Chemist: 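Attaching a single structure in structure tokens format; questions to follow.
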Amino acid sequence: QVQFAESGGGSVQPGGSLRLSCAAAGSMFSVYPVGWYRQAPGNKRELVARIDSNGSTNYVDSVKGRFTISRDNAKNTAYLQMNSLKPEDTAVYYCNAPNSRGLLMSYWGEGTLVTVSS
């Protein structure tokens with residue numbers, strides 16, 4: 001079992017950058033895929049980036065080229081580097097462990113709020 005806690009959010013201007021961290025508690029982190037999700041006000045939660053246990057990554061088109069997901073298994077932590085932030089990136093960001101079918105293998109934490117505004 002793995003449990004995640006998100007951190008690193010904040011308020012930035014358009015074009016700014018943030019790096020989010022997803023700290024995992026548990027002994028099997030290295031075998032889990034990690035996904036970053038976000039939920040904007042009034043919207044459903046969407047998967048924006050995913051990294052599997054082998055390091056392969058996927059991104060939703062809206063963040064491709066701007067966001068980078070990574071993981072450090074030795075630190076039991078995954079990251080989301082967000083560059084060139086846009087107002088539409090404003091959301092609460094969460095991490096979880098989606099298997100290949102999209103089934104979540106952990107529970108939603110509190111998330112971390114990212115606000116992009118001028």
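If you're wondering where the values come from, they're calculated on a predicted model, not measured in any experiment. Heavy-atom basis, side chains included; hydrogens, waters and symmetry copies ignored.
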Chemist: Suppose clustering is done on Ile, Leu, Val, Met, Phe, Trp and Tyr with side-chain heavy atoms closer than 4.5 Å. Which residues sit in the same group as Leu103?
Modeler: none

Chemist: Check side chain to side chain donor-acceptor pair (under 3.5 Å) between Asp61 and all other residues, then give those that pass, not counting sequence neighbours.
Modeler: Lys64

Chemist: Going by salt bridge (Lys or Arg N to Asp or Glu O under 4.0 Å), name the pairs with one or both residues in residues 67-77, residues two or more places apart or in two chains.
Modeler: none

Chemist: Can you tell me how far the CG atom of Asn76 sits from the CZ atom of Phe4, to the nearest 0.5 Å?
Modeler: 9.0 Å

Chemist: Tell me every residue that passes side chain to side chain donor-acceptor pair (under 3.5 Å) with Gln81, counting only those two or more places apart in sequence or in another chain.
Modeler: Asn83

Chemist: Looking only at heavy atoms, which two atoms of Leu113 and Ala91 are closest? And how far apart?
Modeler: CD1-O, 3.6 Å

Chemist: So with a 6.0 Å cut-off around CD of Glu110, is the heavy-atom count from everything else above 12?
Modeler: no

Chemist: For Asp52 and Gly55, indicate whether the former's side chain and the latter's backbone hold a donor-acceptor pair under 3.5 Å.
Modeler: yes

Chemist: Taking all heavy atoms of Ile69 and all of Tyr59, pick out the closest pair and write down the distance.
Modeler: N-OH, 2.9 Å

Chemist: Looking at Arg101, is its backbone amide N or carbonyl O close enough to the side chain of Asn99 to form a donor-acceptor pair, meaning the two atoms are under 3.5 Å apart?
Modeler: yes

Chemist: Verify the cluster assignment for Leu104 and Val92: are they in a single hydrophobic cluster under the rule of side-chain heavy atoms below 4.5 Å apart?
Modeler: yes

Chemist: Between Val2 and Ser106, what is the shortest heavy-atom contact and its length?
Modeler: O-OG, 2.8 Å

Chemist: Between Tyr93 and Val12, is there a shared hydrophobic cluster once you connect ILVMFWY residues whose side-chain heavy atoms come closer than 4.5 Å?
Modeler: yes

Chemist: Strictly by side chain to side chain donor-acceptor pair (under 3.5 Å), give each pair with a member in residues 39-50 just once, sequence neighbours left out.
Modeler: Arg38-Glu46

Chemist: Would you call Tyr94 and Asn96 a side-chain contact if the rule is heavy atoms closer than 4.5 Å?
Modeler: no

Chemist: Determine the minimum heavy-atom distance between Ala78 and Phe29, stating which atoms define it.
Modeler: N-CZ, 4.0 Å

Chemist: Quick check: does any side chain N or O of Ser21 sit under 3.5 Å from a backbone N or O of Ser7, one acting as donor and the other as acceptor?
Modeler: no

Chemist: Starting from Trp36, can I reach Leu47 by hopping between I/L/V/M/F/W/Y residues whose side chains sit under 4.5 Å apart?
Modeler: no

Chemist: Near Met28 CE, under 6.0 Å, is it more than 12 heavy atoms from other residues, nucleotides or ligands?
Modeler: no

Chemist: Are the side chains of Ser62 and Lys86 in touch, meaning some heavy atoms are under 4.5 Å apart?
Modeler: no

Chemist: Partners of Asn58 by side chain to side chain donor-acceptor pair (under 3.5 Å), sequence neighbours excluded?
Modeler: none

Chemist: Test your reading of the model: is there a side-chain donor-acceptor pair from Thr57 to the backbone of Ile51, 3.5 Å cut-off?
Modeler: no

Chemist: If you define the side chain from C-beta out and look only at heavy atoms, does anything of Val114 sit under 4.5 Å from Met82?
Modeler: yes

Chemist: Which atom pair, heavy atoms only, marks the closest approach of Ser118 to Pro14?
Modeler: N-CD, 3.8 Å

Chemist: Centroid-to-centroid, Trp108 to Tyr37, below 6.0 Å?
Modeler: yes

Chemist: Closer than 3.5 angstrom, by distance alone: can the side chain of Tyr79 be matched with the main-chain N or O of Thr68 as a donor-acceptor pair?
Modeler: no

Chemist: So, for Thr90 and Pro41, which heavy atoms are closest and what is the spacing to 0.1 Å?
Modeler: O-CD, 4.4 Å

